[in-house]
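Below: the structure, in structure tokens.
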Amino acid sequence: MNATLLALALSLLSSVAYAAAAVAQERLASRNPGSGVLRMLSSGAWWGSVALNAAAALLHVVALKYGPLTVVQPLGALTLVAAVPLGARIAGRRVSATEWRGTAYTLAGLAAILVVASGSAPGKVLSTSEAVAVAAVTAALIGLLARPGARPGIRHASASGVASGVASALTQTVTVAATDRSASLLSVQVIGVALLVAAFAAGGLLLSQTAYRDGLGAPLAVVTLANPVAAAVIGLSLLGESLRGGAAGVLLALAGAGLAAWGVVLLTRMSQVPADDDHPVAAVLALEPSTASVEPALREMRVPRQPEPGHLTPL
């Protein structure tokens, strides 16, 4: 199978697994408000969602082995797309017209990007000096975005998306270097970059958690969009990736990015409905599924809701 097609297939499976895990986590949190950490850890359903998250992350890492960042990272938006029918089916409702439009725009935009971004399996990786330089620039940008000031939600969401995108780019370097045996698993390059991956992944999670304190809608869209942008910048500038078609290809990619962005915005608007309306799309984060489970749990533990009269809360 062509390397790019394999990367596309793995990314699609990863997005479906992320979406299924997020939907399961959101419904578990909403049906068991205020259950606490110990109750959550004893739940088989919660551990099932953790297994889905782990499988999705593994599929994403393998996809980065076979596909360029400019192909794999934008496909993270498919997590939102996959969550729409999954969430609607589980909640027993129909997909709304707004959700259909958002899905169509996102898919059309991603298709336009893939037409010009398709490339061979990644062969070049970041050197140790390049990885350190990327980490330093990213840390400075995150510090600038996370400083105290106005609109902290949007700024922290931007910082979270950048951190997660850079973490994926660095993950590709570790994966390719280790599997191609171009570097030893115990080399400074592999170990050092792996530590940077862990730092940026954890930082992205914490920043997104802070961003959602004042609501999910706009910050969720910003995280979803900033992630592939950050990864694409690294891929195009440092890893030799390129867009096909010259100037026309660049224009098509920009148009596709704009269309996909609008689709993501439409999908994330669904997060503005009340929690009782059963919209699990609000719980979905591209490439950061663990945040989806943490925020509802923390919110419910802070403000426990009492079950309605006659309603039995499932275990």
Side-chain angles (χ1 to χ4, degrees), residues 4-5 7-8 10-12 14-15 18-19 60 63-64 67-84 98-120 122 134 138 141 145 154-155 157-169 172 204 208 211 217-271 281 284-288:
T4 301
L5 291 179
L8 290 175
L10 292 170
S11 297
L12 177 59
S14 175
S15 296
Y18 273 141
H60 177 70
L64 288 171
L69 287 167
T70 48
V71 170
V72 175
Q73 285 305 111
L75 293 177
L78 289 177
T79 302
L80 285 171
V81 172
V84 172
T98 299
E99 289 172 321
W100 279 126
R101 287 197 301 272
T103 298
Y105 292 157
T106 302
L107 291 176
L110 290 176
I113 294 174
L114 294 178
V115 166
V116 297
S118 298
S120 59
V134 168
T138 303
L141 180 59
L145 291 171
I154 297 300
R155 289 188 290 102
S158 300
S160 174
V162 170
S164 300
V166 171
S168 288
Q172 186 181 64
S208 63
L220 177 57
V222 171
V223 169
T224 304
L225 298 173
N227 185 315
V229 169
V233 168
I234 295 175
L236 294 172
S237 61
L238 296 177
L239 297 178
E241 298 178 12
S242 60
L243 299 176
R244 298 186 299 181
V250 173
L251 290 177
L252 181 58
L254 290 175
L259 191 59
W262 178 238
V264 168
V265 170
L266 289 178
L267 290 175
T268 54
R269 280 182 178 177
M270 302 310 297
S271 66
V281 174
V284 181
L285 290 175
L287 304 181
E288 287 193 64

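This chain uses plain numbering: 1 for the first residue, then up along the sequence.
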Inset, instruction - Begin with the C-alpha distance, continue with both residues' side-chain angles, and end with the deciding distance and a verdict on side-chain contact (heavy atoms from CB on, under 4.5 Å) for Leu75 and Leu114. - result: CA-CA 9 Å; Leu75 293 177; Leu114 294 178; 4.0 Å; yes

Legend entry - Residue pair Pro74 / Ile113: nearest heavy atoms and the distance that separates them: CG-CG2, 4.4 Å

Inset, instruction - Could you tell me the separation between the CG atom of Leu267 and the OG1 atom of Thr79, rounded to the nearest 0.5 Å? - result: 11.5 Å

Legend entry - Which atom of Ser15 lies closest to which atom of Ala82, heavy atoms considered: O-CB, 4.3 Å

Legend entry - Backbone of Gly161 reached by a side-chain donor or acceptor of Ser164 within 3.5 Å: no

Inset, instruction - Enter the distance from Ser11:OG to Leu64:CG here, rounded to the nearest 0.5 Å. - result: 7.5 Å

Inset, instruction - Would you mind reporting whether Gln172 and Val72 have side-chain heavy atoms less than 4.5 Å apart? - result: no

Legend entry - Leu8 side, atom CG; Leu12 side, atom CG - distance, nearest 0.5 Å: 8.5 Å

Inset, instruction - Taking all heavy atoms of Thr106 and all of Val264, pick out the closest pair and write down the distance. - result: OG1-N, 3.4 Å

Inset, instruction - Measure from the side-chain N and O atoms of Thr70 to the backbone N and O of Leu236, and report whether any donor-acceptor pair falls under 3.5 Å. - result: no

Inset, instruction - Compare every heavy atom of Glu241 with every heavy atom of Leu69, then report the nearest pair and how far apart it is. - result: N-OE2, 2.9 Å

Legend entry - Atom pair CG (Leu259) and CG (Leu107), whose distance is rounded to the nearest 0.5 Å: 10.0 Å

Legend entry - Closest contact, heavy atoms only, Val162 versus Ala226: N-CB, 4.2 Å

Legend entry - Where Ala157 and Ala211 come nearest, the two heavy atoms and their spacing: N-CB, 3.6 Å

